[in-house]
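A quick write-up on the structure given underneath.
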Amino acid sequence: MSEIITTSPAEDSSTSPRSQLLFRASQTFLARTPPAPVIWLRIISVVAVVLLFFVVIPLLTAAGIVPDYKLNFLGKYLCFAIVALGIDLIWGYTGLLSLCQAFFFCLGGYAMAMHLSLKQGGGDVRPEYNDIPQFMFFNNVRTLPWFWKPFESLTFSVLAGVALPGLAAGVFGFFILRSRVRGVYFAIITQAVAWGAWLLISRNEMLLGGTNGLTNFYKPMSQTRPWIIGLYLLTLTMVANAYLICRAITKSRLGRVLVAVRDKETRLYFAGYKPYAFKVFAYAVGAMMAGVGGMLYSPQVGIITPQNMNVEASILMVIWVAMGGRGKLWGAIFGALLVNVMLSSLSSDLPQLWLFVEGSMFLAVVLLFPDGFVGLWDTMERQIAAGEGALRAMITACPLLITSMFVLMEALGQTPAWVGKIVFSSEKIGDVQLKYVLLVSLLFAAGLVQFLLNQSKRSAQRAGFAIAESASARG
């Protein structure tokens, strides 16, 4: 579709460059190739992000500038970004609102945790407990259960962490989606699945640690710098691979069918397609991505519990995608990082108010940025393509850039010193951290300038229409 050539009927030697730019900007994204400035902007942005996350941040951690625990947290947030990519493929492109992705996340997490809990995986087991996880011995189990024994192999654990979520989603999706269950009914059923799985795995009879979950892994994985940097780079690589896989799917014919399933499912039936088959495919791929995120989560956090799969966790995962931008893959990554960094910071700095602040943030994004934060980037690209100037485009992207900088500084543990000592010569006003005051002030100022510019543009357009109408009336 990107190869479709569109030409203006009035495009000739007399057409001004300004008119040609406005015409090209009016075409849909699928029907045109982005202009050179937009392409170069994308290339520079991608290179900068890759160098920052793959090179700069690990080097800063190795030099001791970024604390080890902060990089460990960032690795955990990147695990959530893999889950968010799967949700965006399911919800953003296929139109399935799944509220049980945390269940698939925990299937992968438990698969890896079972290996890490055993002697072969470096788990903290002791001869006095028969070299089995301690919680089993305390539950009068003296030998390793049969279904635990295959997880002595790392290869089997990795394959199980990917295959089990995909198989569970494939079987469940086949029977539910084939019955043409859709919309809110599908969301309710998946929510019931998440609730039932939580109740089941929380039982001690399942020999999965009960409500305490699985822990006592090899401690250096989450406590020593080489392991932390290695797991971070592994997680970051998997995020990049997951993004490329989702992008390849969405840019192919299969991706166009998934979008058609989301928008006009009934027409696909008349065209001879079976929409439920494509839904099951997307659902299974999203579940496998959640499983991969769970496998990388367990060793970095050092524990996996049933609380990671409850209904609230699945709903929060959907919020990640909505905050970043539904139907935009990199928006899912940005949303996962944004929400988790803000949740961690607010719960630490404002323990009494962070729930209200978090809720206000979600409402503000829904009301002010219905396309998510990355929708501002798309608007900026359209303005660049229309030749509105670099300054106008930067003003549009300002809220996104400010938020990105704040999240990055906060994730790396650099925000308090930077804001408190350099900007305000202190760190608090009462109980409120000044970094939040600065963030809100900058976002408000950027939003106000953008609002005034939009109002000025609308006034100019109305004046132009009035002049054109009066000229037409005189003619």
Checklist outcome for this item: Between the CD1 atom in Ile87 and the CD1 atom in Ile319, the distance rounded to the nearest 0.5 Å is 10.5 Å

Checklist entry - Can you check whether Ile333 reaches Leu85 side chain to side chain, under 4.5 Å on heavy atoms? => result yes

Checklist entry - Would you say the side-chain atoms of Thr94 pair up with the backbone N or O of Leu96, donor to acceptor, closer than 3.5 Å? => result no

Item to check | Minimum heavy-atom distance Gly331-Val374, with the two atoms named | outcome: CA-CG1, 3.5 Å

Next on the checklist: Does Arg382 form a side chain to side chain donor-acceptor pair (under 3.5 Å) with Thr379? I'd like the steps, not just the answer.
Outcome noted: CA-CA 5 Å; Arg382 287 194 294 269; Thr379 303; 3.2 Å; yes

Checklist entry - According to the interplanar angle, ranging from 0 to 90°, do the rings of Tyr69 and Phe73 count as parallel (below 30°), tilted (30 to 60°) or perpendicular (above 60°)? => result perpendicular

Item to check | Donor-acceptor contact below 3.5 Å, side chain Asn310 vs main chain Gln307 | outcome: yes

Next on the checklist: I'd like to know whether Ile304 forms a side-chain contact (heavy atoms from CB on, under 4.5 Å) with Met112, so could you lay out the CA-CA distance, the side-chain angles of the two residues, the decisive distance to 0.1 Å, and finally the verdict.
Outcome noted: CA-CA 10 Å; Ile304 187 79; Met112 182 55 65; over 6 Å; no

Next on the checklist: Within a 6.0 Å radius of atom OH on Tyr243, are there more than 12 heavy atoms belonging to other residues, nucleotides or ligands?
Outcome noted: yes

Checklist entry - Does a side-chain heavy-atom distance below 4.5 Å link Met289 with Val285? => result yes

Item to check | Donor-acceptor contact below 3.5 Å, side chain Asn340 vs main chain Phe80 | outcome: no

Checklist entry - Closest heavy-atom contact between Val66 and Leu412? => result CG1-O, 3.9 Å

Item to check | Axial cation check for Tyr269 ring with Arg180, 6.0 Å and 45° limits | outcome: yes

Next on the checklist: So that I know where these two stand, are Tyr283 and Phe186 an aromatic pair - ring centroids less than 6.0 Å apart?
Outcome noted: yes

Checklist entry - What are the two closest non-hydrogen atoms of Ala397 and Met380, and how far apart are they? => result CB-SD, 3.4 Å

Checklist entry - Can you check whether Trp377 reaches Leu41 side chain to side chain, under 4.5 Å on heavy atoms? => result yes

Next on the checklist: Please check: side-chain N/O of Thr190 versus main-chain N/O of Ser98, any donor-acceptor pairing under 3.5 Å?
Outcome noted: no

Checklist entry - For residues 269-295, which residue pairs qualify under salt bridge (charged side-chain N to carboxylate O under 4.0 Å, His left out), counting only residues two or more places apart or in two chains? => result Glu265-Lys279

Next on the checklist: Please check if the number of heavy atoms outside Arg247 that lie under 6.0 Å from its CZ is greater than 12.
Outcome noted: no

Item to check | Heavy-atom donor-acceptor pair, Arg225 side chain to Ala62 backbone, under 3.5 Å | outcome: yes

Next on the checklist: Using a 3.5 Å distance criterion without hydrogens, assess whether the side chain of Arg326 forms a donor-acceptor pair with backbone atoms of Asp88.
Outcome noted: no

Next on the checklist: Just verifying a value: how many Å separate Phe53 CZ and Leu236 CG, rounded to the nearest 0.5 Å?
Outcome noted: 7.5 Å

Next on the checklist: Testing the basics here: between Gly291 and Pro165, what is the closest heavy-atom pair and its distance to 0.1 Å?
Outcome noted: CA-CG, 3.9 Å

Checklist entry - What's the shortest heavy-atom distance between Gly293 and Ile82, and which atoms? => result N-CG2, 4.2 Å

Checklist outcome for this item: The reported gap from CG in Leu231 to CD1 in Ile228 (rounded to nearest 0.5 angstrom) is 8.5 Å

Item to check | CA sep, side-chain torsions, deciding dist, call: Leu52, Leu408, side-chain contact (heavy atoms from CB on, under 4.5 Å) | outcome: CA-CA 10 Å; Leu52 173 65; Leu408 179 63; 3.7 Å; yes

Next on the checklist: Could you tell me if the side chain of Gln191 sits less than 4.5 Å from the side chain of Ser314, heavy atoms only?
Outcome noted: no

Checklist entry - What distance do Leu233 atom CG and Thr61 atom OG1 have between them, rounded to the nearest 0.5 Å? => result 9.0 Å

Item to check | Derivation and outcome, side-chain contact (heavy atoms from CB on, under 4.5 Å), residues Ile188 and Val184 | outcome: CA-CA 6 Å; Ile188 292 173; Val184 66; 4.1 Å; yes

Next on the checklist: Please check: side-chain N/O of Gln300 versus main-chain N/O of Leu296, any donor-acceptor pairing under 3.5 Å?
Outcome noted: yes

Checklist entry - Which atom names give the shortest non-hydrogen contact between Val280 and Gly170, and what distance separates them? => result CG1-O, 3.8 Å

Checklist entry - Any donor-acceptor pair under 3.5 Å linking the side chain of Ser344 with the backbone of Val341? => result no

Checklist entry - So, does Tyr232 use its side chain to make a donor-acceptor pair with the main chain of Leu71 at under 3.5 Å? => result no

Checklist entry - With a 4.5 Å limit on heavy-atom distance, are the side chains of Met295 and Val162 in contact? => result yes

Next on the checklist: Could you walk me through whether Ser345 and Glu410 satisfy the side chain to side chain donor-acceptor pair (under 3.5 Å) test, starting with their C-alpha distance in whole Å, then the side-chain angles of each, then the deciding distance to 0.1 Å, before giving a yes or no?
Outcome noted: CA-CA 8 Å; Ser345 298; Glu410 189 69 13; 2.7 Å; yes

Checklist entry - Roughly how far apart are Leu78 CG and Leu337 CG, rounded to 0.5 Å? => result 5.5 Å

Checklist entry - Are side-chain heavy atoms of Ile315 and Glu312 found at a separation under 4.5 Å? => result no

Checklist entry - Going through the checks in order, is the side-chain contact (heavy atoms from CB on, under 4.5 Å) test met by Phe175 and Val181? => result CA-CA 9 Å; Phe175 288 104; Val181 176; over 6 Å; no

Checklist entry - Should Met342 and Phe406 count as side-chain neighbours, where that means a heavy-atom distance under 4.5 Å? => result yes

Next on the checklist: Within the structure provided, determine whether Phe54 and Pro58 are in side-chain contact (heavy-atom separation under 4.5 Å).
Outcome noted: no

Checklist entry - So, the side chain of Ser222 versus the backbone of Gly302: is there a donor-acceptor pair under 3.5 Å, distance only? => result no

Item to check | Spacing of Tyr77 atom OH and Thr235 atom OG1 [to the nearest 0.5 Å] | outcome: 13.5 Å

